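Counting begins at 1 with the first residue of the sequence. Since the structure is predicted, the reported quantities are computational estimates derived from the model, not experimental observations.
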Amino acid sequence: MLAAFARAFQTPDLRKKLLFTLGIVVVFRLGQHVPVPGVSFQNVDQCVREADAAGGSSGLFGLVNVLSGGALLQLTIFALGIMPYITASIILQLLVVVIPRLEALKKEGQAGQAKITQYTRYLTMALAVLQATGLVATARSGTLFPNCTVANDIIPDDSIFTTLVMVIALTSATALIMWMGELITDRGIGNGMSMLMFVSIAASFPAAMWQIKQQGSLADGWIEFGVVVTCGLAMVGLVLFVELAQRRIPVQYAKRMIGRRSYGGTSTYIPLKVNQAGVIPVIFASSLLYIPQLLVQFAGSNAGWADWINRYFTTGSHPYYIVTYFLLIVFFAFFYVAITFNPEEVAENMKKYGGFIPGIRAGRPTVEYLSYVLNRITWPGSLYLGLIALVPTVALVMFDAQQDFPFGGTSILIIVGVGLETVRQIESQLHQRNYEGFLR
């Protein structure tokens with residue numbers, strides 16, 4: 001593997017791509033430490049230290065803070081991170097199934113995909129304006145740090161001009177992040193947005209691990225540190241095993257004679273991943289569970305229903321919250337797989353090009369067989385997603401920890417998935433030149 005890395009840097013064009021990607025990552029990390037104009041940095045720093053001492057943040061704020069590399073709670077210019085782009089991409093992916101015009105664009109190939117990408121950019125900027133306005137309003141009301149003594153003084157100036165400057169700064173920074181991600185995709189090693197997400201999450205790991213060591217009591221915290229590292233490595237192995245697992249459905253194409261030439265007659269397969277939905281169900285479930293908390297903040301805690309929500313759904317360690325979170329992840333896993341993989345379309349394409357599954361008749365029997373297999377492998381995939389997402393919450397409940405468990409949930413899924421994709425990208429570049437990858 002080390003020799004493969006050496007060969008990667010010895011190849012001029014690949015070395016240029018790697019160094020360009022590293023340069024964009026450095027700029028991205030610097031932007032995550034530049035405060036937004038109009039924010040009191042001293043008060044923000046005090047609130048962040050008080051929140052860390054209380055065990056970090058939970059709910060949607062905690063999720064967005066992880067995906068932004070800690071920039072959200074520090075109110076830097078990159079506070080929104082790539083969440084507006086992720087949300088816009090998910091919305092467009094869902095609308096492609098609903099709106100016939102978008103579905104027709106998707107089938108047009110590269111030109112149609114470029115048009116959908118342009119729509120995604122427009123929607124990203126609209127969502128960035130909304131989220132920036134909501135973040136400024138939340139920070140000014142003190143809700144961002146509910147237990148901080150100086151939470152209401154984070155933004156000292158409440159004038160319209162200051163608010164407008166902050167919203168413009170956050171929105172412009174989101175556009176800059178989107179541009180940097182596309183630069184990595186075009187001129188770097190590829191997969192730019194996922195790479196920036198990977199960097200944001202990985203940047204928060206050292207501080208979280210060191211805080212676990214400082215809060216530990218056995219052998220100056222080194223025993224707790226070792227246990228967490230061991231559990232983390234075991235979880236990475238589990239996630240790797242499941243993410244690479246797939247059901248391969250064999251497909252045979254009939255041989256056709258056109259003139260004197262013979263076409264077809266090949267054998268291939270349809271790869272159906274166990275975790276076909278990726279990390280999307282976890283994000284959907286987290287966002288949906290945050291809606292009741294948001295309603296309570298707007299309605300106040302005097303109403304009876306607001307008190308019930310505060311008791312059972314504000315703290316992530318309550319059994320009601322855990323069960324609801326798990327069931328939502330399972331539901332959204334099936335929902336997302338159903339809208340992204342259409343067995344009827346796959347069967348129709350196979351029939352059009354003379355393909356068939358051995359032992360299964362073309363047409364309706366093929367559709368039923370694909371649906372049957374997809375449902376069978378989605379069940380373990382959805383249960384696996386739910387269990388992985390609940391690891392931080394279960395660790396807090398079982399060990400009564402004061403610090404969030406760094407390995408687990410959305411972060412570990414994204415890190416492993418992006419890491420695998422990046423390795424594939426570099427390996428494909430090496431195969432084009434040296435016919436050797438990382439592993440022989």
Side-chain angles (χ1 to χ4, degrees), residues 1-34 66-71 77-78 80-86 88-89 92-93 109-118 120-121 124 172-206 236 239-240 243-244 271 273 278-279 411-440:
M1 184 180 294
L2 295 178
F5 274 113
R7 285 196 303 273
F9 278 95
Q10 288 172 0
T11 307
D13 53 345
L14 187 54
R15 180 176 64 244
K16 187 183 298 184
K17 290 182 178 181
L18 291 172
L19 293 178
F20 180 82
T21 302
L22 290 176
I24 295 294
V25 167
V26 170
V27 175
F28 178 66
R29 286 297 297 157
L30 288 176
Q32 290 180 330
H33 294 85
V34 178
V66 168
L67 296 180
S68 65
I77 59 173
F78 285 174
L80 298 181
I82 60 174
M83 277 301 291
Y85 184 85
I86 295 174
S89 300
L92 259 298
Q93 200 168 8
Q110 187 174 0
Q113 191 62 41
K115 200 71 175 177
I116 294 178
T117 302
Q118 194 68 20
T120 305
R121 293 171 185 162
T124 299
S172 303
T174 302
L176 180 61
I177 292 174
M178 184 169 55
W179 178 63
M180 290 192 298
E182 293 181 355
L183 281 179
I184 294 178
T185 302
D186 296 336
R187 302 176 56 185
I189 59 177
N191 213 13
M193 292 298 176
S194 300
M195 179 62 64
L196 295 181
M197 192 189 309
F198 175 89
V199 171
S200 299
I201 297 174
S204 61
F205 269 58
V236 169
V239 173
L240 274 171
E243 291 297 320
L244 293 176
K273 295 180 62 177
V279 75
S411 58
I412 198 69
L413 291 171
I414 293 176
I415 283 183
V416 172
V418 177
L420 287 173
E421 186 62 30
T422 304
V423 168
R424 292 192 190 102
Q425 293 279 350
I426 300 177
E427 274 196 333
S428 64
Q429 298 284 339
L430 290 174
H431 280 307
Q432 292 177 4
R433 298 164 179 84
N434 302 310
Y435 301 101
E436 289 184 4
F438 285 115
L439 301 177
R440 297 183 181 178

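Of all the heavy atoms in G188 and K17, the pair that sits closest is O-CD, 3.6 Å. For the residue pair I184 and F20, the shortest heavy atom distance occurs at N-CE2, 4.4 Å. In plain terms, the two heavy atoms of Q32 and S200 that are nearest each other are NE2-OG, 3.2 Å. Residues P84 and G81 come closest through the heavy atom pair CD-O, 3.9 Å.
Every residue meeting the side chain to side chain donor-acceptor pair (under 3.5 Å) condition with S194, not counting sequence neighbours, appears here in chain and number order: N191. Take L420 and apply the side-chain contact (heavy atoms from CB on, under 4.5 Å) test, not counting sequence neighbours, and it matches L240, E243, L244, V416, R424. Scanning for side chain to side chain donor-acceptor pair (under 3.5 Å) contacts around E182 gives R121, with sequence neighbours left out. Qualifying side-chain contact (heavy atoms from CB on, under 4.5 Å) partners for L176, counting only residues two or more places apart in sequence or in other chains: F78, W179, M180. Judged as a side-chain contact (heavy atoms from CB on, under 4.5 Å), and not counting sequence neighbours, the contacts of P271 are Q246, Y269. The side-chain contact (heavy atoms from CB on, under 4.5 Å) test applied to T120 returns Y85, A88, S89, L92, I116, T124, not counting sequence neighbours.
Using a 4.5 Å heavy-atom threshold, the side chains of I24 and R187 count as separate. At least one side-chain heavy atom of Q113 sits under 4.5 Å from a side-chain heavy atom of T117. Counting heavy atoms from C-beta on, the side chains of M197 and I86 come closer than 4.5 Å.
Expressed to the nearest 0.5 Å, how far CG of L18 lies from CG of L14 amounts to 4.5 Å. Note that CG of L196 is 6.0 Å distant from CD1 of I82, once rounded to the nearest 0.5 Å.
In the displayed structure, Q118 atom CD is contacted under 6.0 Å by more than 12 heavy atoms of other residues, nucleotides or ligands.
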